[in-house]
Amino acid sequence: MELTAKGTVSAIVFRNEENGYTVLNLETTDGDNLTCVGNFPALSVGAVLNVSGKVTVHNRYGEQLCVESYTVCDPTSRAGIVKYLSSGLIKGVGEVTANNIYNMFGNDTFGVIEHNPMLLSNVKGISKKKAMDIANAVAELKQMQEQIMFLQSYGITVNLAVKIFNIYKTQTKALVLDNPYRLIDDVDGVGFLTADKIAQSMGVEPVSEFRVRAAIVFQLKESAEKQGNTYLVLNDLLSSCSDLLGVDLTQHGQLVEDTLTKLVLEPAVKLFEVEGERCIALLRYYKLEKAIAARLITLNRDARRILVDADSLIGQFERVNGISFHAGQLGAVKSALINGVTVITGGPGTGKTTIIKCIAEILTSHGMRLEFCAPTGRAAKRLSQSTGSDAKTIHRLLGFEAHGDKMQFKYNRNNTLPCDVVIVDELSMVDASVMYSLLSALENGTRLVLVGDKDQLPSVGAGNVLADIIRSGVIEIRYLTHIYRQSEDSLIVTNAHLINHGKMPEINNRSRDFFVMNFSDFQQVSDTVVELVTSRLPKFTGLPSSEIQVLGALKSGVAGVENLNLRLQQALNPRIYGKNEINVGRNVLREGDRVMQTVNNYDLPFVRFEEDGTLSDGTGVFNGDIGFVRRIDRSNGIMEVQFDDNRIATYTEQELTDLQLAYAVTIHKSQGSEFEVVVVPLVSGPPTIINKNLLYTAITRAKRAVVLVGSKKVLAMMVHNNYVAARTTNLCRFLQEENAVIQRFFGNGTKSSDEE
């Protein structure tokens, strides 16, 4: 229910000074006492507020108003003015002084403070200096409130307004008026449409260099963050900008060229040609890929030679572990011992983990210092378990540190990692930015072993690192195609490879790990998924529901991730008395819920319980991290989430919008993770999404069992749909160019790819 009310702040129950989250009591003009929760940059008892928002009912705290917008008025009564002045916001003014001020100036108090503050020195106990301090404090408070109200006047929510104010502080209004489009770059959660709405209301011309520049930069960023492209063909970019602006830019060629020239000179973008077409990239991504290419070629060339009897050491590993390597596996191990950079790629069951263990044992026995890493906490944990070695996330390996809204690493080109070999698993997930940071931290001569499945979905972030390295043909690539990991009644591995080759999976009653439940009605699909997770699969596998993960292709729809999350939350973690919960947008998060972080937050603090029993702390949670709600403290407006790698992060109310329920997650978000049991609802959708690549990725996330729920028609459509969204990236071209330079100067720089 929507509600608008006016009243006086009678008490501030809780306030978080970092983000402005406040719980307050409001005595309304109707005589009611209303509990309000929301973000306020600064507030005092006695302030008069006009508030608007939605009324919610909490099972413990009762009815409360979630404030979406507000305005502040000066109090006009004696009680209100005295409370306001003595609230603590004005240093050195207590109740006695506040009463003395009111006794002299009455209801004109704020007029005096604002327009003739030296008159305050006539009040007992107030010096001229203190009079100016009071005036300055009141002015600062009003200015802060005015900045928020200024932003609200353009339809910006209180939460977002507070986020903007925390970045720009008292310069908020001036900076936004000077260039509203800067919000796109500076503030998470502000897109082009929000900034453009402000700009248009300020009179910015629809066809102007100012507006065209903002559209170009925004579309390049959007394309990088949502499609993974590190550059765009210029004509394609201008077409999308025309749609965004509602202006045909082909009719304004000179304006476009002038804008591009200034962007190049800033420098913000790079213009170049690919196969005769003009292309454009954000300068950051252009430089990232250029640097990655140069570093890979250098590492490949400068690796220290390892003088070992490889055949003897591999034979010893085979005897100790009771295995016999296939020719392709032998080639992969030897390649890692010879080359500075080696890529090992293969699907499930092809022995990637065994190869990593063999390489690690040989190099360790040779006295070399090894580091193991993977892009996500789950992938690193799995790598540790499978190899018996300590593996870290790439961020943790590099010593992630947050500085404001920027990400920095302890280990970088000026302070390199103290190691001889780095083995990276799940490389398909690694984007250009993370790859650059890793390579920058390696000293010359460090050996690099890159492991991944080339047929997995590409990274969520910009770039196509694994695919580009393979396509370039300048780094040693070892393909693994021989399947080892399977038993007679196991079909996960077999069917994953069948699907990857565009063939229908085998379905029979002997299998203990691969099932297809045929339903054409999406409501039946949804009902069956809930039943499987809550009762049937726990009984069949002996595993709790927390070990069963639903992976969906689409967010919306009756069998989409969003609806399944609501249904599974209700079934597995329903609302009960005594269990704390909190409203986040349209959803509710409660203690015990499985949740996922949806954006990178470099500043969020956490503590971690290490395996040796010690406690460490740090900052940073990342897109795709999965955990559960450990505790909710409504009175202090905080939530604790424990992630899979034992980090316990503390969220304030403002940061909760970065979390979503994770009983069901999209297949894209599951990359790098492995779950005991996976349930996949099969739904129809756009062929650009519902394809073989997506299905293959979902199935290869399952460790013990996978259940596909949906029609065989949809299954067949996915299996036979080979569509893969092509990313436009520069890394492949840069690798080939860099290698050509090395060949000219040093000779024989190219490494041949060797397939089984």
Check ion pair [X]-[Y] (N to O, under 4.0 angstrom):
{"X": "Lys226", "Y": "Glu222", "result": "yes"}
{"X": "Glu257", "Y": "Lys262", "result": "no"}
{"X": "Lys381", "Y": "Glu426", "result": "no"}
{"X": "Glu361", "Y": "Lys357", "result": "no"}
{"X": "Lys392", "Y": "Glu371", "result": "yes"}

Are the side chain of [X] and the backbone N or O of [Y] linked by a donor-acceptor pair below 3.5 Å?
{"X": "His501", "Y": "His497", "answer": "yes"}
{"X": "Arg278", "Y": "Glu273", "answer": "no"}
{"X": "Asp185", "Y": "Arg182", "answer": "no"}
{"X": "Ser223", "Y": "Leu220", "answer": "no"}
{"X": "Thr345", "Y": "Lys454", "answer": "yes"}
{"X": "Asp420", "Y": "Arg369", "answer": "yes"}
{"X": "Asp658", "Y": "Val599", "answer": "no"}
{"X": "His366", "Y": "Met368", "answer": "no"}
{"X": "Ser670", "Y": "Ser673", "answer": "no"}
{"X": "Asn321", "Y": "Ile323", "answer": "no"}

Any chance the rings of Tyr436 and Tyr285 have centres within less than 6.0 Å?
no
With ring centroids as reference points, do Phe400 and Tyr411 lie under 6.0 angstrom apart?
no
Output the distance between atom [atom1] ([X]) and atom [atom2] ([Y]), rounded to the nearest 0.5 Å.
{"X": "Leu438", "Y": "Thr446", "atom1": "CG", "atom2": "OG1", "answer": "10.0 Å"}
{"X": "Asn500", "Y": "Asp455", "atom1": "CG", "atom2": "CG", "answer": "4.0 Å"}
{"X": "Ile689", "Y": "Asn721", "atom1": "CD1", "atom2": "CG", "answer": "11.0 Å"}
{"X": "Ile475", "Y": "Asn739", "atom1": "CD1", "atom2": "CG", "answer": "7.5 Å"}
{"X": "Phe622", "Y": "His395", "atom1": "CZ", "atom2": "NE2", "answer": "4.5 Å"}
{"X": "Leu442", "Y": "Ser437", "atom1": "CG", "atom2": "OG", "answer": "11.0 Å"}

Would you please say whether a donor-acceptor pair under 3.5 Å links the side chains of [X] and [Y]?
{"X": "Gln329", "Y": "Thr354", "value": "no"}
{"X": "Ser472", "Y": "Gln736", "value": "no"}
{"X": "Gln254", "Y": "Asp258", "value": "yes"}
{"X": "Asp302", "Y": "Asn444", "value": "no"}
{"X": "Thr729", "Y": "Asp468", "value": "yes"}
{"X": "Lys692", "Y": "Asn722", "value": "yes"}
{"X": "Thr342", "Y": "Glu476", "value": "no"}
{"X": "Ser433", "Y": "Arg284", "value": "yes"}

What closest approach, in Å, do [X] and [Y] show between heavy atoms, and which atom pair accounts for it?
{"X": "Ala310", "Y": "Leu337", "value": "CB-CD1, 3.9 Å"}
{"X": "Met718", "Y": "Ile690", "value": "CG-CG2, 3.1 Å"}
{"X": "Ile699", "Y": "Ala496", "value": "CG2-CB, 4.1 Å"}
{"X": "Gly191", "Y": "Ile184", "value": "O-CG1, 3.8 Å"}
{"X": "Ala391", "Y": "Ser384", "value": "N-OG, 2.9 Å"}
{"X": "Arg478", "Y": "Ser335", "value": "NE-CB, 3.8 Å"}

Heavy atoms, side chains only, cut-off 4.5 Å: are [X] and [Y] in contact?
{"X": "Lys410", "Y": "Leu398", "answer": "no"}
{"X": "Ile280", "Y": "Val233", "answer": "no"}
{"X": "Tyr286", "Y": "Asn730", "answer": "yes"}
{"X": "Met504", "Y": "Leu498", "answer": "no"}
{"X": "Val217", "Y": "Leu263", "answer": "yes"}
{"X": "Ile483", "Y": "Thr494", "answer": "no"}
{"X": "Val247", "Y": "His252", "answer": "yes"}
{"X": "Tyr696", "Y": "Asp453", "answer": "yes"}

Would you check, one step at a time, whether the test side-chain contact (heavy atoms from CB on, under 4.5 Å) holds for Leu234 with Leu238?
CA-CA 6 Å; Leu234 185 57; Leu238 296 179; 4.1 Å; yes
Assess the residue pair Glu738 and Arg733 against the criterion (salt bridge (Lys or Arg N to Asp or Glu O under 4.0 Å)); give the C-alpha distance rounded to whole Å, side-chain angles, the decisive distance to 0.1 Å, and a yes or no.
CA-CA 9 Å; Glu738 191 73 25; Arg733 183 167 61 88; over 6 Å; no
Identified side-chain contact (heavy atoms from CB on, under 4.5 Å) partner of Leu450 from the options Asp425, Ile477, Val343, Ile344:
Val343
Show your working on ring-ring contact (aromatic ring centres under 6.0 Å, His included) between Phe218 and Tyr181 and close with a plain yes or no.
CA-CA 9 Å; Phe218 175 73; Tyr181 294 109; 9.9 Å; no
Would you sort out whether Met596 and Asp625 count as a side-chain contact (heavy atoms from CB on, under 4.5 Å), showing the intermediate values?
CA-CA 6 Å; Met596 172 183 278; Asp625 286 348; over 6 Å; no
Apply side-chain contact (heavy atoms from CB on, under 4.5 Å) to the pair Asn623 and Val460, showing each step before the final yes or no.
CA-CA 9 Å; Asn623 190 359; Val460 174; 4.0 Å; yes
Assess whether side-chain contact (heavy atoms from CB on, under 4.5 Å) is satisfied between Ser459 and Arg727, documenting all intermediate values.
CA-CA 11 Å; Ser459 60; Arg727 294 187 173 193; 3.5 Å; yes
Using a 6.0 Å cut-off, check whether atom NZ of Lys669 has over 12 heavy atoms from anything other than its own residue.
yes
Is there a side-chain hydrogen bond (donor to acceptor under 3.5 Å, both in side chains) between Tyr723 and Asn693? Walk through the geometry before answering.
CA-CA 8 Å; Tyr723 176 85; Asn693 197 219; over 6 Å; no
Does the pair Gln456 and Thr700 meet the rule for a side-chain hydrogen bond (donor to acceptor under 3.5 Å, both in side chains), with working shown?
CA-CA 9 Å; Gln456 295 284 352; Thr700 54; 3.0 Å; yes
